[in-house]
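What follows is one structure encoded as structure tokens, with my remarks underneath.
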Amino acid sequence: MHQSFLGIAILALTLPAAPARAMAETQIDATAAQDVLSYIEHKDCKGAVNALNKAIANKKPGILLMAGALFEQGLCVKPNWDTAANYYLRAHEEGNRSALPRLISGYAENNRDPAAAMWWVSKSPYSLPPACASANHLASDPEAFVAALQSWPKAQLAACVYAAGVLHRIVGDVEFPGNASRQGIAGNVYMHFVPATGTVRWTAGEMNRVPFTRVLQPGDDERSEFKDPLLKHVTAVGERSLKQFTRPPDIDPAWLIKVQFNFHLD
């Protein structure tokens, strides 16, 4: 399961620099990333690790995100969250916007470190319900921040960590799907996440198709509605993300998290 998931993640992270991307820019060095991916596809883990280490040694900041993903999922390396988090942190410090949601979801998964997850949430542009943000003003004082979290009812903290984890796992994984970009499809997709029921609903907003000559790839369907590739992609990401987190009881049924994803063709 880890390998298939990471294969999806890596393919998303290694889109060429020119085509479309979702809201979060990956900032991956395309050549270095493709080298690592090529070794992985040929099941040459030694070559993949060597290529990864070479790119890191050459100070290619974008590759740090891929390094974090490899260590988080344990592909070609022994899984190690602390190492993954360190690479994500370095990527975040280099300005990679895709690193923050991966830090949050990683700390939230299996309640690995709820306080760390919520501290990083305080820096996220994606909003949680107000009950999950009451300690954000203390984020500059880690001790006071943790003390505030400890004063919350356990059910409240568990609900907030769950909501944060699912939301940011989705945000971290929703890169522009390759089949949609090949077809020149772009537009807006709206997410409605209800933590109490563990459900994510997607609706398509304004869509457009940029005409250009293209070659159909396996899985493309010229006859389908042109918005389908985007909706199918985000639906799969949502379903996969929900399965990764155990929903706690006693979540406020009024909580609703909305996000608009904008897919652009550069």
Side-chain angles (χ1 to χ4, degrees), residues 2 5-6 9 13 23-24 26-27 61 64-75 77-174 193 195 198 237 240-252 255 257 259:
H2 289 318
F5 168 76
L6 188 58
L13 296 178
M23 296 170 67
T26 58
Q27 299 175 323
L64 297 171
L65 189 71
M66 176 178 276
L70 293 177
F71 277 98
E72 182 178 7
Q73 299 300 325
L75 185 64
V77 293
K78 185 177 180 179
N80 187 313
W81 168 250
D82 289 338
T83 301
N86 180 60
Y87 278 119
Y88 287 149
L89 176 59
R90 290 170 62 185
H92 174 69
E93 291 173 341
E94 292 286 348
N96 192 314
R97 297 179 184 178
S98 293
L100 181 59
R102 288 176 170 83
L103 277 169
I104 294 170
S105 59
Y107 279 121
E109 190 170 5
N110 298 320
N111 286 304
R112 183 178 275 125
D113 191 333
M118 296 309 298
W119 186 81
W120 283 108
V121 165
S122 70
K123 302 179 181 302
S124 172
Y126 299 95
S127 299
L128 291 176
C132 302
S134 62
N136 284 2
H137 65 288
L138 300 171
S140 60
D141 184 343
E143 290 186 4
F145 183 84
V146 172
L149 295 186
Q150 291 174 340
S151 71
W152 290 5
K154 290 184 178 180
Q156 177 184 344
L157 180 58
C160 290
V161 171
Y162 168 75
V166 173
L167 168 63
H168 289 89
R169 179 65 71 183
I170 291 172
V171 169
D173 286 356
V174 175
F193 169 36
V237 170
R240 186 171 68 240
S241 299
L242 287 168
K243 290 178 181 179
Q244 288 187 265
F245 294 86
T246 301
R247 178 166 51 91
D250 303 321
I251 300 178
D252 187 340
W255 285 7
I257 299 173
V259 178

*Determine, stepwise, if the pair Ile104 / Met118 fulfils side-chain contact (heavy atoms from CB on, under 4.5 Å).*
CA-CA 7 Å; Ile104 294 170; Met118 296 309 298; over 6 Å; no
Going from [atom1] on [X] to [atom2] on [Y], what distance comes out if it is rounded to the nearest 0.5 angstrom?
X      : Y      : atom1 : atom2 : value
Asp82  : Arg112 : CG    : CZ    : 8.5 Å
Leu64  : Glu93  : CG    : CD    : 10.0 Å
Asn96  : Leu65  : CG    : CG    : 5.0 Å
Ser105 : Ile170 : OG    : CD1   : 10.5 Å
Leu89  : Leu100 : CG    : CG    : 10.5 Å

*disulfide bond (SG atoms under 2.5 Å apart) contacts in which one or both residues fall within residues 92-154, not counting sequence neighbours*: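 Passing the test, one end in residues 92-154: Cys132-Cys160.
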*Under the disulfide bond (SG atoms under 2.5 Å apart) rule, what pairs show up with a residue in residues 88-120, not counting sequence neighbours?*
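Output for this query is empty, none listed.
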*Ring centers of Tyr107, Trp81 separated by less than 6.0 Å*: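 Ring centres of Trp81 and Tyr107 closer than 6.0 Å.
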Non-hydrogen atoms of [X] and [Y] that approach each other most closely:
X      : Y      : answer
Ala108 : Phe245 : C-CE2, 3.9 Å
Pro248 : Ala158 : CG-O, 3.7 Å
Phe193 : Ala163 : CE2-O, 3.7 Å

*Pairwise side-chain contact, Ser124 with His168, heavy-atom cut-off 4.5 Å (strictly under)*: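 Heavy-atom side-chain distance check passes, below 4.5 Å.
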_Enumerate the side chain to side chain donor-acceptor pair (under 3.5 Å) contacts for residues 137-164, please, sequence neighbours excluded, ordered by first and then second residue._
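Checked against side chain to side chain donor-acceptor pair (under 3.5 Å) - neighbours excluded - the pairs reaching residues 137-164 are Ser134-Trp152.
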For [X], side-chain hydrogen bond (donor to acceptor under 3.5 Å, both in side chains) partners two or more places apart:
X      : value
Ser122 : none
Asn110 : none
Ser241 : none

Which residues share a side-chain contact (heavy atoms from CB on, under 4.5 Å) with [X], sequence neighbours left out:
X      : result
Asp250 : Ala155
Leu138 : Ala144, Phe145, Ala148
Thr83  : Phe71, Asn80, Tyr87
Ala115 : Asp113, Val146, Leu149

*Give a yes or no answer on whether the side chain of His92 reaches the backbone of Tyr88 with a donor-acceptor pair at less than 3.5 Å.*
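Between the backbone of Tyr88 and the side chain of His92 there is no qualifying donor-acceptor contact (under 3.5 Å).
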*asked:* If the threshold is 4.0 Å, N to carboxylate O, is there a salt bridge linking Glu72 and Arg169?
replied: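 Looking at Arg169 together with Glu72, the answer is yes, because their closest N to O distance falls below 4.0 Å.
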